[in-house]
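Because the structure is predicted, anything quoted here is derived from the model rather than measured. Each ligand, and each atom within it, is numbered from 1 in the order the structure gives. When a residue number appears, it is its place in the shown sequence, counting from 1. Only heavy atoms go into these numbers, but all of them, side chains included; no hydrogens, no water, no symmetry mates.
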Amino acid sequence: MAQQYFVGDKEYFPGIARIPFEGRESDNPLAFKFYERDRLVGDRTMKQHLRFAVCYWHTFCAKGADPFGVDTQVFPWDAAHDPMAAARARLDAAFEFFTKLGVPYYCFHDRDMAPEGGSVAESERNLATLVALAKERQQATGVKLLWGTANLFGHPRYMNGAATNPDFAVVTHAAAQVKAALDATVALGGENYVFWGGREGYASLLNTDTRREQDHLARFLQLARDYGRSIGFTGTFLIEPKPMEPSKHQYDFDAQTVIGFLRHYGLAGDFKVNVEANHATLAGHSFAHELQMCTDAGLLGSIDANRGDPQNGWDTDQFPTDLYDAVHAMLVVLQDGGLHSGGLNFDAKVRRESVDLDDIFIAQIGGMDTFARALEVAFRIRESSTLTQRKQQRYSSFDSGDGALFEQGKLDLAALRNLAEQGGEPAHRSGKQEWFENVINQYL
Ligand code: XLS
Ligand code: CA
Ligand code: CA
């Protein structure tokens, strides 16, 4: 009997079987060209290196609406009128999708999985009911939770912020939601828990006490950390930076801002950073820059793999296709020793115009193939090119002699002055930027 890849009582993607690997010559849109799960790259398989995750929200909840138009997607799992029945159907569709695609992980917000109730207690019950079902589905399919989170931006009560809301009553509701989302994450064995503060910022400085709000944010994160640890969460808490949208300015602007914040408030031991590519470019950085800043700080937690559109100034959350960019990202990941307990979560959605049900498979396959190829290329660059060596060589004057003494803090400013006098004008040394840039192309 053919293996069944759906776990509920209905198949939501009939006609689509488990996505096979067919290699780059294949013209089957529903096949991997580069991602071969069990293929070894160094001492780990592609699956172990890449730790792919599907995001629940864009994939099964977002239906193509934009500020100028209503939904364009019609999803079969939304047919039921009762929100809890629809949530159950969505869960079954989600696990069928994860299984057919062959991803090891997924990520979700509380409200993606279960509808908000009329009270705190009812919302908690709704979530707990769906979490129990998700646990069964995880056991049946082997799919695991990369991270859970709470949606602290959608409900109108959060219009002035959640943990940073000027009204304490709203802060308590945010706490209730995070508490329940942490319970859910622990129940599902989630490896990380994410805070993305879309409305933790301001629209106007004139009406905002930014100092108090940032203190409140830190206090809130401390309480969440303490609660999480008290219920047995041993994973990593992650902050996901984004400079703006929906707020004009978000406190978690970019990686370096978050790193400074975590260190300032004593949170760096439990929290790391979840870097999203599209948020990096919105902050005026590159994806690789954000990854590098986190790696340098020892705080790279996980990755939301997507891309923006350079001609649009907002968060388009498109699937990654730019190989050069992905190779650069994977070079940093490999430098960091891999993704550890993080993963590559495709926080990306198909376009409003992509309305066939197989489009979500095609999109996800494209993202996975991009990163599978990028992994191989980055691995080869590190193995066979002299890129890493040449980067180190640029700093060789600090490896011995006075340069080493400087690094060790054994020279004062006056001593440096005397060395300058003795040494005379330094020779011009080329940065060889174009050579470095060409190496990536050579290995593509
Ligand atoms: C929105 C964010 C969000 C987080 C999770 O821009 O990317 O989806 O990843 O709350
Ligand atoms: Ca985004
Ligand atoms: Ca994200």
Side-chain angles (χ1 to χ4, degrees), residues 52-62 65-67 105-113 116 145-155 158 161-164 174 177-178 180-182 184-185 190-201 217 220-221 224 236-255 258 271-287 290-291 294 300-310 312-320 329 339 342-351 363-364 367:
F52 285 131
V54 167
C55 81
Y56 214 99
W57 52 103
H58 283 319
T59 320
F60 312 109
C61 305
D66 72 9
Y105 290 104
Y106 73 105
C107 303
F108 78 108
H109 299 85
D110 50 356
R111 301 299 184 245
D112 306 335
M113 192 179 274
E116 172 126 10
L145 177 63
L146 183 66
W147 50 261
T149 188
N151 179 331
L152 301 179
F153 42 89
H155 193 282
Y158 298 124
T164 63
Q177 243 184 278
V178 169
L182 279 165
T185 301
E191 298 184 24
N192 305 272
Y193 183 88
V194 164
F195 290 91
W196 169 65
R199 297 194 194 273
E200 312 293 25
L217 180 58
F220 189 92
L221 295 174
T236 312
F237 292 95
L238 301 172
I239 307 270
E240 181 179 325
K242 185 176 182 180
M244 67 196 92
E245 195 198 6
S247 54
K248 166 193 158 73
H249 174 91
Q250 193 180 311
Y251 295 130
D252 301 330
F253 192 91
D254 63 359
V258 169
F271 285 76
K272 289 186 174 173
V273 182
N274 183 38
V275 171
E276 179 177 315
N278 201 166
H279 299 179
T281 50
L282 280 176
H285 302 307
S286 66
F287 183 24
E290 289 292 83
L291 295 171
C294 295
L300 178 58
S302 195
I303 295 179
D304 275 7
N306 62 8
R307 78 184 146 106
D309 182 320
N312 287 340
W314 63 90
D315 195 15
T316 61
D317 284 340
Q318 288 169 250
F319 280 85
L339 287 162
L344 284 168
N345 168 46
F346 291 108
D347 190 352
K349 58 187 178 212
V350 296
R351 297 305 85 192
Q364 205 83 32

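Of the polar atoms of Trp196, none of the N or O atoms is found under 3.5 Å from an N or O of ligand 1, judged by distance alone. Where the criterion is an N or O separation shorter than 3.5 Å, residue side chain and backbone included, His279 meets it with respect to ligand 1. At least one N/O-N/O distance between Asp347 and ligand 1 falls below 3.5 Å.
Close contacts of ligand 1 with Asp304, meaning ligand atoms under 4.0 Å from a residue heavy atom, involve 9 (O). Those atoms of ligand 1 that come under 4.0 Å of a heavy atom in Lys242, given as number and element, are 6 (O). Less than 4.0 angstrom separates some heavy atom of Asp315 from each of these atoms of ligand 1: 6 (O). Ligand 1 places these atoms under 4.0 Å from at least one heavy atom of His109: 5 (C), 10 (O). Counting atoms of ligand 1 from 1 in the listed order, those under 4.0 Å from a heavy atom of Trp57 are 8 (O). Close approach to Glu276 involves these atoms of ligand 1, each under 4.0 Å from a residue heavy atom: 7 (O).
In this structure, Val178 and Tyr193 have side chains that are in contact, with non-hydrogen atoms separated by less than 4.5 Å. Contact check for Glu290 versus Asp254: side-chain heavy atoms found under the 4.5 Å cut-off. Using a 4.5 Å heavy-atom threshold, the side chains of Glu200 and Phe195 count as separate.
Neither the backbone nor the side chain of Glu245 has a heavy atom within less than 4.0 Å of ligand 1.
Under a 4.0 angstrom heavy-atom cut-off, Val194 registers as lying outside contact with ligand 1.
If you take CG on Leu152 and CG on Asp110, they are separated by 7.0 Å, rounding to the nearest 0.5 Å. Note that NE2 of His155 and CD of Glu116 are 4.5 Å apart. Values are rounded to the nearest 0.5 Å.
Looking at Asp315 and the Ca ion (ligand 2) together, the shortest N, O or S contact belongs to OD2. When you scan the N, O or S atoms of Asp317 for the one nearest the Ca ion (ligand 2), you land on OD1. Checked against the Ca ion (ligand 3), the N, O or S atom of Asp347 at the shortest distance is OD2.
Annotation: atom 9 (O) of ligand 1 to nearest protein heavy atom, Glu240 OE1, 2.7 Å.
For residue Asp304, no N/O/S atom approaches the Ca ion (ligand 2) to within less than 3.0 Å. At a cut-off of 3.0 Å, Glu240 is counted among the residues with an N, O or S atom near the Ca ion (ligand 3).
Proximity of a side-chain donor or acceptor of Arg351 to a complementary backbone N or O of Lys349 within less than 3.5 Å is detected.
A perpendicular orientation is assigned to the rings of Phe153 and Trp196, their planes being inclined by more than 60° (bins at 30° and 60°). Ring-plane geometry between Trp147 and Trp57 is classed as tilted, the angle between the planes lying from 30 to 60 degrees on a 0 to 90 degree scale. Ring-plane geometry between Phe253 and His249 is classed as parallel, the angle between the planes falling under 30 degrees on a 0 to 90 degree scale with a further cut at 60.
A donor-acceptor contact under 3.5 angstrom links the side chains of Asp317 and Asn306, judged on distance only.
Among all heavy-atom pairs drawn from Ser302 and Gly343, the shortest one is OG-N, 2.9 Å.
Annotation: angle subtended at the Ca ion (ligand 2) by Glu276 OE2 and His279 NE2 is 80°, to 10°.
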